Undergrad: 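Can you read through this structure? Questions will come right after.
Note: hydrogens, waters and symmetry copies are ignored here, and every other heavy atom, side chains too, is used. Just so we're clear, the structure is a prediction, and the values are computed from it rather than from any experiment. In what follows, chains are A, B, ... by sequence order, proteins preceding strands, each numbered from 1.
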Amino acid sequence: MSHTDETPNDLPPNFIRDRIVEDRQAGKNGGRVVTRFPPEPNGYLHVGHAKSLCLNFGSAAEFAGRCHLRFDDTNPATEELEYVEAIKADVRWLGFDWGEHLFFASDYFEQLYAYAVALIKAGKAYVCSLSADQIKEYRGDFHHKGKESPYRGRSVDENLDLFARMRAGEFADGEHVLRAKIDMAAGNINMRDPPIYRIKHAHHHRTGDKWCIYPMYDYAHCVSDAIEGITHSLCTLEFEDHRPLYDWILDQLDVPCHPQQIEFAKLNFTYIMLSKRRLLELVRGGQVKGWDDPRMPTLSGMRRRGYTPEALRNLCERVGVSKHNSVVDVTLLEHAVREHLNATSRRVMGVLRPLRVVLSNWPEGQVEWIDAPYFADDPARGTRRVPLGRELFIEHDDFKEVAVKGWFRLSPGAEVRLRHVGIVRCDEVVKDAAGEVVELRCTLDPATRSGGPQSGRKVKGTIHWLSAAHALPIEARLYDRLFLSESPGDVGPGGHFTDNINPRALEVVHGAFVEPSLADAVPGTRVQFERLAYFCVDPDSTTELRVFNRTIGLRDSWAKQEGK
RNA sequence: UCGGGGAUCGUCUAAUGGUAGGACUGCGGAUUCUGAUUCCGCCUAUCAAGGUUCGAAUCCUUGUCCCCGAACCA
């Protein structure tokens, strides 16, 4: 059988798509494909979730099926409404639409309870009154079989009564638990009579105080899948040995269908931390400013940083789906981001660390507005007007008093092209009392003006610039990788993952400027500062001062060469 | 001394008994009014040992290494 039999487009093959194709050819589920993305609302979504989102929504779309968004909110202790709303926003931002199919496991609490009663009646579940410690002890370990709870033989009637009273709130947390009656000698510890309901007197963000017993993941997830008519329940590798339990529960119950659980490997990147627990620690510890801090690998952080949903989706496609524990090189992420930004971002000029330049042969007070294309290779995509006057700012890094080998930029006596203008020569270097270079005096060769007779004259370097009189002050936030270590989670004895934090993951630059065309740029606007980096306007911007986040730098082969 | 998974270029992945391919990275070069982009080229892989076969990454055997699992978390 070929993988491409049914696949509409040239998507790269993967084992899950193969399975779905097989199932359809075998006529399973009437050929329907229904998947679900089931986050627990206890944190923000991150790039790892993007993979699951792409897989679940992508597989459904590919086979004209549907994908549900279901919040797995069975643990009131950790879940909050704030997370629910943030997750919905992030899923939408990534470009996925669940339509009518928004669900909450908590919507099924009543049904889940009824199925549990059925399980008890069938003699497949019992109320256990061992303490948590005792249950753990009775469970055994990898090398020893478990032993049966003394409460395992309780009668159906007694179990029914106790379970009803658990629900009624007659017992304190931990007094009883409902357990599936399976096999205490099973090699798979998940099958050793796992608890499926616990007593928890806690306020739930949706059901309030209606319930004081809550279903456990292993019980709630498979039944929720069945209730919704899910056909393929995709989850990560660590649930592989939960699958027998998933199947066991559904086999005992008279549920509408029996979905197939399929496991795939989580997404990991070098230099990126994706543990929810640790991300929460960064937020709570103040190492970052919040879940949407642009240094965070959360979808909201990446959005604010300037990453695009297209880039992330494309990344997921490139990464593929398999069962290997893989660590993707972060450069692949960076490549995906640059690739999309390169195709879509308007080119503008911004100067991070200004150095004053006076064009000595330019008349005092004269201003010329230059029509400059946003995309040099395709002027049809639009132009903006850029003012040129006698006093300019150029990038301090574009001047060296003593030129080194391979230096194409400005130095005393050297010529360089001013982007969209023409060739200038540096005639004089002005220093302050401390010997710091504070100004350059240059002459512009009028014959080399863009569009002029000698505009084709070659010089090695082209630099960006701004008219000092028109330059708009901005705050630039230069972001870099949050961690210095390739595997931030690997810490030696006594170490902590925060030890690996890059202290320069954020550098705030005051005194930077951009061209006046950006005066009205709204938050979320993405542009390329030519020769520097891609930037995105931050929501912190005010009418007086815009804040630009550096999304990612342009590749810089000069810096690389210089570093050698 | 258990159960469940996994081993293909540096990295992520394809090849489903028939030419080990792609992408990213790296390294060269060309073009360039962005040292960007684009284009071209190069480097580099089947965990090991046996076996089956005309032919093995793929099938069999035996090893080795790695990951996950003992919450009233998900």
Side-chain angles (χ1 to χ4, degrees), chain A residues 1-3 12-14 18 38-40 42 72 74-75 77-79 128 130-132 135-136 139-146 173-179 186-192 194-200 213-214 216-218 220-221 235-244 263 265 267 270 276 318-336 338-339 342-343 347 349 375-377 406 408-409 417-423 448 450 455-464 528-533 553-562:
Chain A
M1 183 193 75
S2 152
H3 318 279
N14 68 59
D18 292 351
E40 183 189 10
N42 68 346
D72 227 335
T74 57
N75 184 0
T78 57
E79 298 154 6
C128 180
L130 251 23
S131 70
I135 287 180
K136 181 183 171 69
R139 185 156 37 221
D141 58 32
F142 296 152
H143 308 297
H144 302 89
K145 292 177 177 176
D173 289 8
E175 259 186 84
H176 306 285
V177 77
L178 184 70
R179 292 226 249 168
N188 181 346
I189 292 178
N190 294 302
M191 300 299 268
R192 317 236 266 229
I196 57 175
Y197 261 94
R198 78 285 216 187
I199 299 170
K200 198 178 274 248
I213 56 171
Y214 292 93
M216 303 285 294
Y217 165 84
D218 283 306
H221 203 91
C235 65
T236 46
L237 250 27
E238 67 267 29
F239 292 103
E240 266 176 326
D241 48 16
H242 290 241
R243 181 164 14 102
E263 310 84 13
L267 183 54
T270 54
K276 241 187 197 180
R318 284 165 183 263
V319 160
V321 182
S322 74
K323 298 188 72 148
H324 306 70
N325 291 102
S326 56
V327 181
V328 177
D329 196 316
V330 74
T331 59
L332 185 62
L333 199 201
E334 296 175 343
H335 175 263
R338 284 196 188 99
E339 183 179 55
N342 174 52
R347 271 55 171 178
M349 294 192 284
F375 297 88
D377 53 358
F408 296 164
R409 282 111 97 151
R417 181 179 299 278
L418 250 31
R419 182 71 158 153
H420 305 300
V421 178
I423 296 172
T448 62
S450 298
S455 66
R457 208 184 110 199
K458 303 288 182 197
V459 282
K460 285 281 196 176
T462 298
I463 65 173
H464 57 280
Q528 182 197 98
F529 287 6
E530 281 195 285
R531 306 207 310 127
L532 295 177
L554 259 30
R555 297 182 67 177
D556 188 347
S557 57
W558 167 247
K560 200 177 275 184
Q561 182 186 326
E562 208 182 18

Undergrad: Does B/rA71 adopt a syn or an anti glycosidic conformation, taking syn as a chi angle within 90° of 0?
TA: syn
Undergrad: B/rU34, OP1 or OP2 - any side-chain N/O from A/Arg417 closer than 4.0 Å?
TA: no
Undergrad: Distance check: side-chain N/O of A/Arg198 vs OP1/OP2 of B/rA74, anything under 4.0 Å?
TA: yes
Undergrad: Please state the C1' separation for the pair B/rU31 and B/rG41 - nearest whole angstrom.
TA: 15 Å
Undergrad: From the set B/rU13, B/rG35, B/rC27, return the single nucleotide nearest to any side-chain atom of A/Lys560.
TA: B/rC27
Undergrad: Using the C1' atom in both, what is the distance from B/rG6 to B/rA57, to the nearest Å?
TA: 15 Å
Undergrad: Check the angle between the aromatic planes of A/Phe239 and A/His242 and answer parallel, tilted or perpendicular using the 30° and 60° thresholds.
TA: perpendicular
Undergrad: How would you label the contact of A/Leu130 with the nucleic acid (heavy atoms, under 4.0 Å): base, sugar-phosphate, or nothing?
TA: base
Undergrad: Quick one: is B/rC72 close enough that its OP1 or OP2 comes under 4.0 Å of any side-chain N or O from A/Arg139?
TA: yes
Undergrad: For A/Met216, report the nucleic acid contact type (base, sugar-phosphate, nothing); a contact means any heavy atom under 4.0 Å.
TA: sugar-phosphate
Undergrad: Are A/Thr462 and B/rU32 close enough that a side-chain N or O sits under 4.0 Å from OP1 or OP2?
TA: no
Undergrad: Has A/Trp558 got its ring stacked on the base of B/rG35, with centres under 5.5 Å and planes less than 30° apart?
TA: yes
Undergrad: P atom, B/rA30 versus B/rA36: distance in rounded Å?
TA: 13 Å
Undergrad: Looking only at the side chain of A/Asn325 (C-beta and beyond, no hydrogens), which of the listed nucleotides B/rC67, B/rC68, B/rA36 gets closest?
TA: B/rC67
Undergrad: When you measure from the side-chain N and O atoms of A/Arg531 to the phosphate of B/rG35, is any distance below 4.0 Å, counting only OP1 and OP2?
TA: yes
Undergrad: Charged N to carboxylate O under 4.0 angstrom, A/Lys323 versus A/Glu240?
TA: yes
Undergrad: I want to verify a distance call: between B/rA36, B/rA14, B/rU1, whose nearest atom is closest to the A/Leu554 side chain?
TA: B/rA36
Undergrad: Answer with base, sugar-phosphate or nothing: what part of the nucleic acid does A/Gly320 contact at a heavy-atom distance below 4.0 Å?
TA: nothing
Undergrad: Considering only heavy atoms and no angle criterion, is a donor-acceptor pair shorter than 3.5 Å present between the side chain of A/Arg555 and the base of B/rG35?
TA: no
Undergrad: In terms of side-chain heavy atoms, does A/His324 have a donor or acceptor partner in A/Ser326 at a distance below 3.5 Å?
TA: no
Undergrad: Does A/Lys276 put a side-chain nitrogen or oxygen below 4.0 Å from OP1 or OP2 of B/rC73?
TA: no
Undergrad: By the 4.0 Å heavy-atom rule, please label A/His335 as base, sugar-phosphate, or nothing.
TA: sugar-phosphate
Undergrad: Base, sugar-phosphate or nothing for A/Glu263? Non-hydrogen atoms, less than 4.0 Å.
TA: nothing
Undergrad: For A/Phe408 and B/rG35, do the ring centres fall under 5.5 Å apart while the planes stay under 30° apart?
TA: yes
Undergrad: Tell me if the side-chain of A/Asn190 makes a donor-acceptor pair with the base of B/rG69, cut-off 3.5 Å, by modelled atom types.
TA: no
Undergrad: Taking the P atom in each of B/rG28 and B/rG5, what is the distance between them to the nearest angstrom?
TA: 46 Å
Undergrad: If B/rG21 has a Watson-Crick or G-U wobble mate with both distances under 3.5 Å, name it; if not, just say none.
TA: B/rU13
Undergrad: I'd like to know if the side chain of A/Thr236 pairs up with that of A/Glu263 as donor and acceptor (distance under 3.5 Å, no hydrogens or angles considered).
TA: no
